[in-house]
Q: 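Before we start, here is the structure in question, set down as structure tokens.
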Amino acid sequence: MSDLPVDPSAPGDESPAGAQTAAAASAPRSVRASLASIVLGFELIVVFLASLVIWGLTPDDGGAFGLPRWASLVAGGVVLVLMIATIGLLRHRWAYALGWVVQALILLAGLLNPGMFFIGALFGGIWAYCMIVGERIDREKAAAVVASRTEQEHE
């Protein structure tokens, strides 16, 4: 006998926990989640560069709303961490609402630099389009799988 601990989610395990883990690992990622992670990934680069631009354009004596010069770097870093967390949490439905919050924060950055209104509107539009189209494609794929299973059962 081996003294090694047995992993309840091991591939050969037929327990409910093992079956759920195997099903989750083999389930294809939704199109909506893929599109969301792509948009947020590109947005990471833009937000990083935009926070550097806002920092560089801020006078030494303070910027908009009396904020110190370094505030744009801190705010940009917080938004970047939030975006990375959102990408990691896209397996949950509520993470898409968090993605909408990120889009709103980027749009609000236009108060610090008017160019960010354009960037926020552009990425907000891309986000909205990807959410609508991704959800539609996922519904169509699910309907096709159900139709295929129904057809196989009748044969």
Side-chain angles (χ1 to χ4, degrees), residues 7-11 13 16-149:
D7 181 10
S9 63
D13 186 18
Q20 288 175 350
T21 304
S26 66
R29 186 171 183 170
S30 75
V31 174
R32 184 179 181 205
S34 296
L35 291 174
S37 62
I38 291 168
V39 171
L40 288 171
F42 281 119
E43 232 171 345
L44 278 168
I45 298 166
V46 173
V47 168
F48 172 73
L49 294 174
S51 64
L52 290 177
V53 166
I54 294 170
W55 172 75
L57 293 176
T58 304
D60 289 334
D61 59 344
F65 309 108
L67 294 172
R69 190 167 189 228
W70 51 265
S72 63
L73 293 178
V74 172
V78 168
V79 173
L80 289 173
V81 168
L82 185 61
M83 292 168 71
I84 292 169
T86 303
I87 291 171
L89 294 169
L90 285 173
R91 64 184 170 272
H92 304 288
R93 271 192 97 60
W94 55 265
Y96 296 99
L98 188 58
W100 281 107
V101 169
V102 168
Q103 302 309 314
L105 288 174
I106 294 170
L107 188 62
L108 285 175
L111 297 173
L112 300 175
N113 183 334
M116 288 303 291
F117 283 127
F118 174 74
I119 298 297
L122 179 69
F123 274 106
I126 293 170
W127 178 264
Y129 178 78
C130 288
M131 294 301 97
I132 293 167
V133 170
E135 183 69 27
R136 188 191 75 218
I137 292 171
D138 287 339
R139 275 195 317 266
E140 290 171 358
K141 284 173 58 176
V145 167
V146 169
S148 173
R149 286 183 184 162

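Numbers here simply count residues along the sequence, with the first being 1.
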Q: Stepwise, does the side chain to side chain contact (heavy atoms under 4.5 Å, CB included) test hold for I106 with V46?
A: CA-CA 10 Å; I106 294 170; V46 173; over 6 Å; no
Q: Just checking F117: does its CZ atom have more than 12 heavy atoms from other residues, nucleotides or ligands closer to it than 6.0 angstrom?
A: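 More than 12 within 6.0 Å, yes.
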Q: So, taking the atom named CD1 in I45 and the one named CG in L40, what distance separates them when rounded to the nearest 0.5 Å?
A: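 CG of L40 is found 12.0 Å from CD1 of I45.
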Q: Taking only residues two or more places apart in sequence, or in another chain, which ones meet Y129 in a side chain to side chain contact (heavy atoms under 4.5 Å, CB included)?
A: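 Side chain to side chain contact (heavy atoms under 4.5 Å, CB included) check on Y129 returns V133.
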Q: Kindly indicate, with the supporting measurements, whether the criterion side chain to side chain contact (heavy atoms under 4.5 Å, CB included) is fulfilled by V47 and V102.
A: CA-CA 11 Å; V47 168; V102 168; over 6 Å; no
Q: Rounded to the nearest 0.5 Å, how far does CE of M131 lie from CZ of R136?
A: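 Rounded to the nearest 0.5 Å, the CZ-CE separation comes to 13.5 Å.
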Q: Which pairs pass ring pair (Phe, Tyr, Trp, His ring centres under 6.0 Å) with one or both residues in residues 74-98, sequence neighbours excluded?
A: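 Residue pairs passing ring pair (Phe, Tyr, Trp, His ring centres under 6.0 Å), neighbours aside: H92-W94.
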Q: Any chance you could measure R32, atom CZ, to I132, atom CD1, to the nearest 0.5 Å?
A: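 It is 10.0 Å, given to the nearest 0.5 Å.
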Q: Where do V31 and R139 land on the side chain to side chain contact (heavy atoms under 4.5 Å, CB included) test, with the steps shown first?
A: CA-CA 10 Å; V31 174; R139 275 195 317 266; over 6 Å; no
Q: For the atom pair CG (L35) and CZ (R29), what is the distance rounded to the nearest 0.5 Å?
A: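 Result: 10.0 Å between the selected atoms.
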Q: Is any side-chain heavy atom of I54 closer than 4.5 Å to one of M116?
A: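 Side-chain contact under 4.5 Å: yes.
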Q: What donor-acceptor contacts under 3.5 angstrom involve side-chain atoms of residues 71-86, with partners at least two apart or in another chain?
A:
from, atom 1, to, atom 2, distance (Å)
S72, OG, W55, N, 3.3
S72, OG, R69, O, 3.4
T86, OG1, L82, O, 2.7

Q: Compare every heavy atom of L90 with every heavy atom of S37, then report the nearest pair and how far apart it is.
A: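 Shortest heavy-atom separation between S37 and L90 comes out as N-CD1, 3.7 Å.
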Q: Nearest 0.5 Å, please: how far is CG in L112 from CG in L67?
A: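 One gets 6.5 Å once the value is rounded to the nearest 0.5 Å.
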Q: Using the rule given for side chain to side chain contact (heavy atoms under 4.5 Å, CB included), can you reason through W70 versus T58, listing the C-alpha separation, both sets of side-chain angles and the distance that settles it, and then say yes or no?
A: CA-CA 9 Å; W70 51 265; T58 304; over 6 Å; no
Q: Nearest 0.5 Å, what's the CD1-CD distance between I38 and E43?
A: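 I38 atom CD1 to E43 atom CD measures 13.0 Å (nearest 0.5 Å).
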Q: Got F123 and L107 here, is their nearest side-chain heavy-atom distance under 4.5 Å?
A: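 No - every pair of side-chain heavy atoms lies 4.5 Å or more apart.
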Q: Minimum heavy-atom separation for W127 and G99, please, with both atom names.
A: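 Shortest heavy-atom contact: CZ2-CA, 3.6 Å.
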